[in-house]
Each structure stands twice: as C-alpha cells, then as structure tokens.
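Below: the structure, in structure tokens.
Heavy-atom basis, side chains included; hydrogens, waters and symmetry copies ignored. Residue numbers begin at 1 in each chain, while the letters A, B, ... track the order of the sequences.
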Amino acid sequence: GAVVSQHPSWVICKSGTSVKIECRSLDFQATTMFWYRQFPKQSLMLMATSNEGSKATYEQGVEKDKFLINHASLTLSTLTVTSAHPEDSSFYICSARDPVVNTGELFFGEGSRLTVL
Amino acid sequence: QKEVEQNSGPLSVPEGAIASLNCTYSDRVSQSFFWYRQYSGKSPELIMSIYSNGDKEDGRFTAQLNKASQYVSLLIRDSQPSDSATYLCAVTPYNFNKFYFGSGTKLNVKP
C-alpha cells in the first residue's frame, strides 16, 4: 500500500511556542491530505482537509489561526500548532489516499505525539 | 446523531474464538467502508475494505456489509492475542472527500 511518513514522531515543547509537523506521501502524489487529532482512549477527530495549492478546509470548532496548515507540494503538508498550550497536547495524525488507485483507502502517517509543558 | 456508531467495548474473547465487531452508519450515501486496527499509541492501519453488499474474506478476516440496514461488521476467526487492539470503522461517500470514523471497539483476546 501507499506510504505516508510523518515527522516528528514525538515532540515536547514549552507553552507559548510553535510546533511544526510534516506529513509526506512517499510513493504517490496527494492533492488532499487529512489531519486528525486523537485524545487518549478517544477516536480520531478530523481537524482539517489540506488541499495542495489552496487553503485548507477546517472542521467546525477548529481554530484556523491556531492550527496552520500548508500544502505547498503534492507530497508535503504541514501542520503548525501556534502558541501551543497544555490543552493542545495530543496525538496528531495525518493521512492521505492515492488518487491514482482511487479505491478510497486512507493511509496514515505514524502520528506525532505533542506534549506541551 | 453520530455518523458512525460502534460499541466501545471492551470485547473480550478467548484465543481461538471468533470476534465479531459491529458498526452502524447514518448517511445513506456512504459508498465505501473500511476497518482499521489501531494499537495503543500507534496510528491506524487498514485491515479490510468493502464496497458492495455481502461478505468479503481476507485470511482470518471477513467484512460484511448490508447497505439496506446501514450495517457493516468485521469477523476475526481464530483470534490471537496479537489481535488485541482498537478496531475503527470508517465510512466515506463516493468521492472520498470525507472519512467518518467510529469511536472504535477495543478487543481483548485472552490467551
């Protein structure tokens, strides 16, 4: 199956700093990537849909200015958590599907665990 | 009403037994259905996909879809302790522009 790589796998930062998470599709081009957030023992919550070359589409209740998404190329999307606070501590996961195969399967990155002190 | 409903469990089965995981969805335009397995602290991995009514088998896994009842299930035969994980049901409309995930069912397979 398609490979999606996410980096870093974990990060610890101080409150008030910004953190960038990268998501790359390694063997296919992804015009769309999805960013999820998962709190312990809860399911995946879709935060936003990242669109190559255009603005991301955010889900209701997700702050656009706090969670900056950039999809500058067909293989790279980034999520920047700005002015992070302890309540932003979570597991962030990106995903994408291969539009050429077009079977709809979502392939997930390894996830990034953010801890804000 | 949630888009996708799953029993959170935990579902406990003995090793070698059949584990049955169920999922219902509310959107009748849903076209594609997926089961993902997620180990604690890891990201989800695809187990099965199913697109048409009926059964689809892959090794020890069988996915069952009934669009009329808006119901999809996953059967795991000869359950192994390594199958212990949370299983997520996901549905998407025909254009795959949005994926809705259930809250997941935690499966414990006891040796």
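Within the 4.5 angstrom heavy-atom criterion, only side-chain atoms of Tyr36(B), from C-beta onward, approach chain A. With a threshold of 4.5 angstrom between heavy atoms, Gln6(B) does not approach chain A through any atom at all.
Applying the 6.0 Å contact sphere to NE2 of His85(A) captures more than 12 heavy atoms from other residues, nucleotides or ligands. Counting heavy-atom neighbours within 6.0 Å of Lys66(A) NZ, excluding the residue itself, gives a total above 12. Shown here is Lys110(B), whose NZ atom has no more than 12 heavy atoms of other residues, nucleotides or ligands within 6.0 Å. Within a 6.0 Å radius of NZ in Lys56(B), more than 12 heavy atoms belonging to other residues, nucleotides or ligands are found.
Side-chain N or O atoms of Ser43(A) include none that pairs as donor or acceptor with a backbone N or O of Gly104(B) at under 3.5 Å. A donor-acceptor contact shorter than 3.5 Å links the side chain of Ser43(B) to the backbone of Gly109(A).
The distance from atom NZ of Lys41(A) to atom NZ of Lys106(B), rounded to the nearest 0.5 Å, is 8.0 Å. With values rounded to the nearest 0.5 angstrom, Phe91(A) atom CZ is found 7.0 Å from Gln38(B) atom CD. How far CZ of Phe101(B) is from CD of Gln38(A): 9.5 Å, rounded to the nearest 0.5 Å. Separating the CZ atom in Phe34(B) from the CG atom in Leu106(A) is a distance of 7.0 Å, to the nearest 0.5 Å.
Residues Phe34(A) and Leu88(B) fall within the same hydrophobic cluster, defined by Ile, Leu, Val, Met, Phe, Trp and Tyr side chains chained together at heavy-atom separations under 4.5 Å. Criterion: ILVMFWY side-chain heavy atoms under 4.5 Å apart, direct or through other members. Under it, Phe33(B) and Leu74(B) are part of a common hydrophobic cluster.
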